[in-house]
Protein chains: 2
Amino acid sequence: MTVDREQVLRTAAALLTRRATATMDEVARSAGIGRATLHRHFAGRDALIKALEELGLKELETALDDARLDEGPADEALRRLIASVEPSAGLLAFLLTENQLFEGDVYDGWNRTDARISALFRRGQEEGVFRIDLSHAWLTDAFYGLISAGAWTVHDGRAAPKDFPYMIAELLLGGARRSVKQ
Amino acid sequence: MTVDREQVLRTAAALLTRRATATMDEVARSAGIGRATLHRHFAGRDALIKALEELGLKELETALDDARLDEGPADEALRRLIASVEPSAGLLAFLLTENQLFEGDVYDGWNRTDARISALFRRGQEEGVFRIDLSHAWLTDAFYGLISAGAWTVHDGRAAPKDFPYMIAELLLGGARRSVKQ
DNA sequence: CCCACATGAGACACCAATGTCTCATTCGAT
DNA sequence: ATCGAATGAGACATTGGTGTCTCATGTGGG
């Protein structure tokens, strides 16, 4: 009987990721509950988005924890991160565009995750694993961008989900150019 | 007296890129015209978005032409493309998210540009310049993703506009990993 | 100089979505 | 079996944005 808040959030995430303009009613229906019930659990659309943001943030932080970013070579840590972030990629892609739209009052929890990812790139640069002519700020943004792009590529069926980690890690680490001496 | 349609479109693009939910009234104000006048030139919001889409498409096609994608090594052609697409990056980033939101009825003009970019990557693969373990579909999506990410990085002040071509081309071509044998 | 035409401002109806409320129903714990 | 709590359905007012219209203004071309 009682609504599973987590379940509702995941369903809403799946729908909103596909269509960000979905109605509260559509969100409710897709979760198999009534609109009134949805309102009982989330005060309004803003509250729903914020809850989604907290969910995505929590998932990203869990992925960051699981990846053990400060262990081993930085490039291997980055691979672990990409792999563990994969299940959340769709939600993160949605939240990324959502945040870009609402400039200013962005949930500042993202600063923490940004800092951790940025720190990984900085460590890699200091240890000579990552190139230093690309700022860690740009590498961080590119990381998010490729995660989003990969999420859409998989979502639209242009790549299989299982290829997600490989195609992102390889492009982000090695680039598109074929290495001549290899 | 007469409104410069092109000018209005560019102003609208600049505003909507920053805040996609901007009102028709805000769009009009930012262009320095009245809402009624805006409606006289663009039947409605949909028409405005569509006009923006056509503008972005036109600019991208111009950039594709200017880059002469079928001349010289594919990686150099890609560099030319990134450089010539830079002025349109913000608009393209906006249209990209806009299109992802409205699934289905996307302006099919993008298929042409997708095909041209994809063809560049395929040519590069056939000529041994680009690696073949990453599909040209993914490379194309990644190209768009990095263009968008770069546009936001520049927009938010985390990189200078002049660095745009370098940081994107270098990451897309060479990746983040520091080449050991170099 | 004058007239035609585009514009700006504002009024207006309309619509879609939101948020709130009520009430009957149903589920689940006791 | 019973009672309380949560739900679903629907009604309702409200709101913000949209699209249309009118009218006064002013500018530019002839």
Side-chain angles (χ1 to χ4, degrees), chain A residues 1-56 91 94-95 97-107, chain B residues 1-56 91 94-95 97-107:
Chain A
M1 188 183 192
T2 302
V3 162
D4 180 358
R5 180 186 166 98
E6 184 90 0
Q7 173 57 26
V8 171
L9 274 182
R10 299 204 174 275
T11 312
L15 174 60
L16 289 173
T17 296
R18 279 182 292 126
R19 206 154 43 86
T21 58
T23 294
M24 287 294 274
D25 188 67
E26 293 175 297
V27 172
R29 299 292 163 164
S30 77
I33 64 176
R35 195 166 66 93
T37 305
L38 181 62
H39 270 288
R40 284 188 192 101
H41 287 266
F42 304 97
R45 190 184 184 79
D46 292 350
L48 178 64
I49 299 291
K50 182 162 186 179
L52 277 177
E53 210 163 359
E54 284 165 7
L55 176 64
L91 176 57
F94 164 68
L95 293 174
T97 67
E98 197 74 7
N99 281 346
Q100 288 172 342
L101 306 191
F102 300 115
E103 60 166 314
D105 55 320
V106 189
Y107 200 61
Chain B
M1 187 183 192
T2 301
V3 161
D4 179 359
R5 179 187 165 99
E6 185 89 1
Q7 174 58 27
V8 172
L9 273 182
R10 299 204 174 275
T11 313
L15 173 60
L16 288 174
T17 296
R18 279 182 292 124
R19 207 153 43 85
T21 58
T23 296
M24 288 294 275
D25 187 68
E26 292 174 298
V27 172
R29 300 293 162 164
S30 77
I33 64 176
R35 195 166 67 93
T37 305
L38 182 61
H39 267 93
R40 284 190 193 100
H41 287 267
F42 305 96
R45 190 183 184 77
D46 292 350
L48 177 65
I49 300 291
K50 183 163 185 177
L52 276 177
E53 211 162 358
E54 284 166 6
L55 175 64
L91 177 57
F94 163 70
L95 294 174
T97 68
E98 197 75 8
N99 281 346
Q100 286 172 341
L101 305 191
F102 301 113
E103 58 165 316
D105 54 320
V106 188
Y107 200 59

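The distance between atom CD of B:Gln7 and atom P of C:dT7, rounded to the nearest whole Å, is 14 Å. Computed from coordinates, the A:His39 NE2 to D:dT7 P distance equals 14 Å when rounded to whole Å. When rounded to the nearest whole Å, the span between CG of B:Asp25 and P of C:dA11 equals 14 Å. In this structure, CG of A:Leu48 is placed 13 Å from C1' of C:dT18, rounded to the nearest angstrom. One interatomic measurement links the two molecules: CZ of A:Arg29 to C1' of C:dA17, which rounds to 14 Å at whole-angstrom precision. Taking atom CG of residue B:Leu38 and atom P of nucleotide D:dT18, one finds them 10 Å apart after rounding to whole Å. Per the geometry, CD belonging to A:Glu26 stands 7 Å off P belonging to C:dA17, to the nearest Å. Following rounding to the nearest Å, A:Asp46 (CG) and D:dT15 (P) show an atom-to-atom distance of 16 Å.
Toward the 5′ end of DNA chain C lies the nearest nucleotide of A:Met24, the other residue of the pair A:Met24 and A:Arg40 mapping further downstream. Between A:Ala36 and B:Thr37, the residue anchored closer to the 5' end of DNA chain C is B:Thr37, taking for each the nucleotide with the nearest heavy atom.
The base of D:dG19 lies outside donor-acceptor range of the side chain of B:Arg45, with no N or O pair under 3.5 Å. The base of C:dG8 is not paired with the side chain of B:Arg35 by any donor and acceptor separated by under 3.5 Å.
A salt bridge does not link B:Asp46 to B:Lys50: none of the charged nitrogens lies less than 4.0 Å from a carboxylate oxygen.
Across all non-hydrogen atoms, the minimal contact from A:Val8 to A:Phe42 is CG1-CE1, 4.0 Å. Contact between B:Leu91 and B:Gly56 at its shortest, heavy atoms only, is CD2-CA, 3.5 Å. The two residues A:Leu38 and A:Met24 make their nearest non-hydrogen contact at CD2-O, 3.3 Å.
Within the 3.5 Å criterion, the main-chain N or O of A:Ile33 finds no donor-acceptor partner in the side chain of A:Thr37. Between the side chain of A:Thr17 and the backbone N or O of A:Ala13, at least one donor-acceptor pair lies under 3.5 Å.
OP1 and OP2 of C:dA6 both lie 4.0 Å or more from every side-chain N or O belonging to B:His41. For the pair B:Thr23 and D:dG17, the criterion of a side-chain N or O lying under 4.0 Å from OP1 or OP2 is met.
When the C1' atoms of four end pairs are superposed on the next four at each end of the helix from C:dC1-D:dG30 to C:dT30-D:dA1, using five pairs per end, the two resulting axes differ in direction by 30°, to 10°.
A donor and an acceptor atom, one from each side chain of A:Glu26 and A:Ser30, are nowhere located under 3.5 Å apart.
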